[in-house]
Novice: 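The following block contains the structure, expressed as structure tokens.
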There are 4 protein chains.
Amino acid sequence: MKALVYNGPGKRSWQDKPKPELQAPTDAIVRITKTTICGTDLHILKGDVASVKVGRILGHEGVGVVEEVGSAVSALKVRDRVLISCITSCGRCEACKKGMYSHCENGGWILGNTIDGTQAEYVRVPYADNSLYAVPKALDEDALVMLSDILPTGFECGVLNGEVKPGDKVAIVGSGPVGLAALLTAQFYSPAELILIDLDDNRLAVAKSFGATATVNSGDGNAVEKVMALTGNKGVDVAIEAVGIPGTFDICQDIVAAGGHIANVGVHGKPVSLKLEKLWAHNITLTTRLVDTVTTPMLLKNVVAGKLQAKKLITHKFRLDEMMKAYDTFGNAAREKALKVLLTAG
Amino acid sequence: MKALVYNGPGKRSWQDKPKPELQAPTDAIVRITKTTICGTDLHILKGDVASVKVGRILGHEGVGVVEEVGSAVSALKVRDRVLISCITSCGRCEACKKGMYSHCENGGWILGNTIDGTQAEYVRVPYADNSLYAVPKALDEDALVMLSDILPTGFECGVLNGEVKPGDKVAIVGSGPVGLAALLTAQFYSPAELILIDLDDNRLAVAKSFGATATVNSGDGNAVEKVMALTGNKGVDVAIEAVGIPGTFDICQDIVAAGGHIANVGVHGKPVSLKLEKLWAHNITLTTRLVDTVTTPMLLKNVVAGKLQAKKLITHKFRLDEMMKAYDTFGNAAREKALKVLLTAG
Amino acid sequence: MKALVYNGPGKRSWQDKPKPELQAPTDAIVRITKTTICGTDLHILKGDVASVKVGRILGHEGVGVVEEVGSAVSALKVRDRVLISCITSCGRCEACKKGMYSHCENGGWILGNTIDGTQAEYVRVPYADNSLYAVPKALDEDALVMLSDILPTGFECGVLNGEVKPGDKVAIVGSGPVGLAALLTAQFYSPAELILIDLDDNRLAVAKSFGATATVNSGDGNAVEKVMALTGNKGVDVAIEAVGIPGTFDICQDIVAAGGHIANVGVHGKPVSLKLEKLWAHNITLTTRLVDTVTTPMLLKNVVAGKLQAKKLITHKFRLDEMMKAYDTFGNAAREKALKVLLTAG
Amino acid sequence: MKALVYNGPGKRSWQDKPKPELQAPTDAIVRITKTTICGTDLHILKGDVASVKVGRILGHEGVGVVEEVGSAVSALKVRDRVLISCITSCGRCEACKKGMYSHCENGGWILGNTIDGTQAEYVRVPYADNSLYAVPKALDEDALVMLSDILPTGFECGVLNGEVKPGDKVAIVGSGPVGLAALLTAQFYSPAELILIDLDDNRLAVAKSFGATATVNSGDGNAVEKVMALTGNKGVDVAIEAVGIPGTFDICQDIVAAGGHIANVGVHGKPVSLKLEKLWAHNITLTTRLVDTVTTPMLLKNVVAGKLQAKKLITHKFRLDEMMKAYDTFGNAAREKALKVLLTAG
């Protein structure tokens, strides 16, 4: 079969690889019908993710059709249409029983990381009963691909951890795909204000069309002042960090109101300076999280009910065998005005 | 009357001051029967707390007897015995309605800070209905003084914010009065392990006698390794920071398990480095809090029920007019093996 | 002044009464600009509410302008526009400190019950700082009147107690004003399905226009079967009882899914039969509540943000001095297709 | 092998049955080392549980040693010592993912009910990875047997659902094994008062020795008055129903304070009358639950930490082959002063 392979820093190819086979009775083999590319895949290609070895098939998002199941798989059968979770969970370890699948002792984020991933014609998914979701035929597959990672990430790490409530003032720092996913899902809880902050006016315009009540371009270094002005100088109830650098984290700690939440979503590469000399008395809650995908069933219900316009995040579409071109586009997201790119097999 | 007055950095005196008078219909005048000294008072004396002006009577803890009440005070009457909360709350602003009295728009921590405090023969307490607690005559006043600040601080900022649960592994960094207050009140929730960390073997011995299941002297720089060894290399569910310096905060972030809590109690004077490059994916919750004293009624019930040995924290007793000597003792806490000093009037 | 007075079962009059005066330093006198009539007022007129004595001015909802304040009122001043809460709270008793204002030891539901109410030109409001909400001038007063009682009742007793979550299936039994208030506010949490059940097709049509995803006329006795069919035979996550009779309670206990909630809002006059022989193993939560109006600030924020179309509940408008006619209309709600009637002074 | 078999109403025998065999790759065969008898087993023997067919081996509690595992069992291996949960959970259905194992679509309470149980030399346990808990060798097996059902039942259905908090007043109606299990585990949360109510003075004396702060013999019909007197006429914060008949439920609804919880644990055979005409305005929460055993890992930690004296519940010990005699004793619990009987193999 064909697959997108990591060949070391800066090197990727769309090449032949052996079709995966069942290795454990809890495995399933899925034929990919749709997949996408994540910002994390670009990090891997830079050589920044040490756990990914040369030769690895990338990708941890997608939908497909079950081709084969192991003898212990009982919730799924051949020909089922399935959503692939970016997090593999065994369902029985201590972390899984707490709903913290991201730290599953036997899984976690392994697809396209420590085992071969979904940017391929076929993928082997361990612990299939817990890591795949059978979906109704009528559901739009394009929307579903957004449920593999980006929407649960924005929702769980940003909205749920931030404890967004009706009437809240919420700021989201970063209007990329994950920030926008937080923006879409924050609206489940009817906050009064949803302020999006970014450097890119195009992305801020998209945010407006997705439901932001105000936008702030932080390019002039005055984002904090602007947000304070928008909130009667009180700050926000919830600040969601969706970038992953010290500067955007700083905005969050400067705009959070007493009693408020900072929900970190961004992937950070270095420490930040936490202003405890001010915040110690500020009654704040700061959370971090690798997405657990425990809310996938809830998000699916909302897609079915028409409450979550998951497809809005897709800006570009390709055939699966145009994978290299899709990477080129996604790798130049600002210039291409790309959010999520969608690849469709066959 | 006599009172302990801040006369600028390094200068304090026990001197004559006018007896306080009612200023608002919601005020009460309380005759102090017992009071104590807080670590914060020592900070003030160093000149570190800018809000405290020269001439201020210090102190924000104590019990006493109501001498006079304003026309709008309805929950209390003259001669009631009362516990004074370190936090003054109006009960009607947005913060108070959320139970965040520490950020009361009309109160908060003002006693011995922006208005005269409790280290005196009399004190004026604003919003008396909300800021004083009538107590039964039979209750031991020595124990009650520990409920003004130290016990709610350890409980709310450490134990409640840390979400200590039955079966948890808990580490408390700092075995001073506030760390020990957290230790005493953590036991309300039956954690399986309660590890105390400090530099002072005497304080660790006290911690053992207060219910610590293990103690770690961090003097050799190997506290993290020792805690990891004690927890099967998983780390703790809850790490309570009860010191207020970067080194102790670092211990907390190095020993917290995935999915765990860091509850900051310490008063910090400078920023700390938060290791987000590791913690972003670690599903942790970090909280800060100035005590709200919303749990004072609950703590009172536990003292009445004999479930909270509040008096254990008192190591030294003085007459109220020995205030200067009490400061000398408390100011040399390590040498004097002092935790809390108690001053009794008359 | 003029006021609507209860003269014993079946008897009411719009008559002269003395203008109220301050009685305590925490009181305020409010000139009524808008008020409404509650279903409870009709119960009182039937003689069903023993606490209401002959001669009482009815009414516990309204907005107005502060005319006079007691010496201890500090959050409000003369000429402030205010929303009157149906629940009076002292803000300092044990119940108030828990946020359970409905059981305030010094207040609770007293307006138009044990003290004179709001269906008058003026009303005295005790504990004004805690029981009145200053509102911005720009806000539409018609909408505000709906925040005195009906919206917090539907929200707190139905939606919050029912723990409505995104993706949930919710049924509301009773499509009168309080059921519709629950319907409007349930949408803060984006449930997937919102099924309204009533005997009156007109009210069900209103429910559809307010956001119900399905409606069931229970007139044929098959409401349970219909709801089960709508939910794939699993039942609903949340069943909200908004009528107050055994028959509607029965529907709730028959349609609630395992693990679900029954949130009682209705005022019941007799016991119900609880089917514990089935429900003991069904993992359900059943709640009751007299509205606390603790969410009034949150609801106000949502009205300001345009997230809550409070005015939708108003079907008929009268001048304040048409009170008798307004009662006639509201007393024939089905025939008049009345939800809430609005009375405006001057 | 030998097993206790239900032969129809009133008939049981200790007889030969075929040794169980693996039927699915997720099964395990466990050799029983310890088991016990539950009140539910007596109900079955009366013919009251329709799902139990003639010929069924009874029993849903026990500890043992893994003899054989299916190909998909990965968390356990032959010779592991295991605790058997009374609830079988697949770990992957919607109910299991919510932690509501009692309503597992593929399991739930099936042992000794719809499949053969643990009162035998061997038992087949489906979904072994999720339904068995490997336990350290050093742990006392007698204590462990109490974790199969009785302790999680008292804890989850009574204490957790009742939301027992430090300082609370708690009443437990029924001082049998499940009421005592609630009493033991309620102490994890340090309530101020723990009042046990029963008809049997012996059981009340046991309750005292287990930590009850007061006991009430309800034989004179004045239990409600006595509890109200003990609580300053306010009632209790939490009332735990641990019997399962209308009379004991009535006590609970008559003693619960405004804002309080009624946590039903008892197995009810008929409806109860719920006094909604009073309770509608009382802000109460009533819960029901079939034990989920989600807290088994937490309870295990507490047993290891010495915080839960599980063995206290065992009053009588037998050899496994004395099963018939053990039933005789347990069937006359009052006369025999029996709580739990323990059966030990070979």
Side-chain angles (χ1 to χ4, degrees), chain A residues 40 48 94-95 98-105 108-109 153 156-157 161 163 165 234 237 241 243-246 248-250 252-253 256-292 294, chain B residues 40 48 94-95 98-105 108-109 153 156-157 161 163 165 234 237 241 243-246 248-250 252-253 256-292 294:
Chain A
T40 304
D48 285 354
E94 193 175 341
K98 285 181 186 166
M100 196 166 66
Y101 303 165
S102 59
H103 288 74
C104 171
E105 293 165 22
W109 173 44
T153 294
E156 295 179 8
C157 307
N161 271 18
E163 297 184 21
K165 293 184 305 296
K234 290 211 165 176
D237 300 296
E241 206 286 341
V243 178
I245 59 173
T248 47
F249 184 84
D250 277 349
C252 290
Q253 57 180 332
V256 68
H261 289 255
I262 300 173
N264 187 78
V265 189
V267 178
H268 290 257
K270 49 185 168 183
V272 299
S273 176
L274 180 67
K275 302 176 183 178
L276 269 191
E277 79 282 10
K278 167 190 150 197
L279 295 177
W280 77 267
H282 215 54
N283 294 37
I284 65 144
T285 302
L286 164 64
T287 53
T288 69
R289 188 168 181 176
L290 177 57
V291 65
D292 295 301
V294 280
Chain B
T40 304
D48 285 354
E94 193 175 342
K98 284 181 186 167
M100 195 166 66
Y101 304 163
S102 59
H103 288 74
C104 171
E105 293 165 21
W109 173 43
T153 294
E156 295 178 7
C157 308
N161 271 17
E163 297 183 22
K165 295 184 305 297
K234 291 210 164 176
D237 300 297
E241 206 285 342
V243 178
I245 58 173
T248 48
F249 183 83
D250 277 350
C252 290
Q253 57 180 332
V256 68
H261 289 255
I262 299 174
N264 187 78
V265 189
V267 178
H268 289 258
K270 47 186 169 182
V272 299
S273 176
L274 180 67
K275 303 177 182 177
L276 270 190
E277 79 282 10
K278 168 191 151 197
L279 295 177
W280 76 268
H282 215 52
N283 295 38
I284 65 144
T285 302
L286 165 63
T287 53
T288 69
R289 187 168 182 177
L290 178 57
V291 64
D292 294 301
V294 280

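Here the structure is a predicted model, which means the values were calculated and not measured. Per chain, numbering begins at 1; letters A, B, ... match sequence-line order.
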Novice: At a heavy-atom distance under 4.5 Å, which candidate from Val291(A), Asp292(A), Ile284(A) has the highest pair count against chain B?
Specialist: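 Most pairs with chain B among the choices: Ile284(A).
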Novice: Could you tell me which portion of Glu94(B) (side chain, backbone, both or neither) has an atom closer than 4.5 angstrom to a non-hydrogen atom of chain A?
Specialist: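 Looking at Glu94(B), just its side chain touches chain A.
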Novice: Taking every heavy-atom pair that is under 4.5 Å apart, which of Lys270(A), Lys278(A), Lys275(A) has the most such pairs with chain B?
Specialist: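 Of the options given, most contacts go to Lys270(A).
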Novice: Does any N or O in the side chain of Thr288(B) come within less than 3.5 Å of the main-chain N or O of Ala281(A), such that one atom is a donor and the other an acceptor?
Specialist: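 It does not hold such a pair.
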Novice: If I compare all heavy atoms of Asn264(A) with all of Trp280(B), which pair ends up nearest, and what's the gap?
Specialist: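 So the minimum-distance heavy-atom pair works out to ND2-CB, 3.8 Å.
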Novice: For chain A, which candidate among Leu274(B), Thr285(B), Val265(B), Thr287(B) shows the most heavy-atom pairs at distances under 4.5 Å?
Specialist: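 Going by pairs under 4.5 Å, I would pick Leu274(B).
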Novice: Report yes or no: do Asn283(B) and Asn161(A) form a side-chain donor-acceptor pair below 3.5 Å?
Specialist: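 No.
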Novice: In Å and rounded to the nearest 0.5 Å, what is the CG to CG distance from Leu279(B) to Leu286(A)?
Specialist: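 Leu279(B) atom CG to Leu286(A) atom CG measures 9.0 Å (nearest 0.5 Å).
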Novice: To the closest 0.5 Å, what do you measure between NE2 (His103(A)) and NE2 (His282(B))?
Specialist: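 Output value for this atom pair is 6.0 Å.
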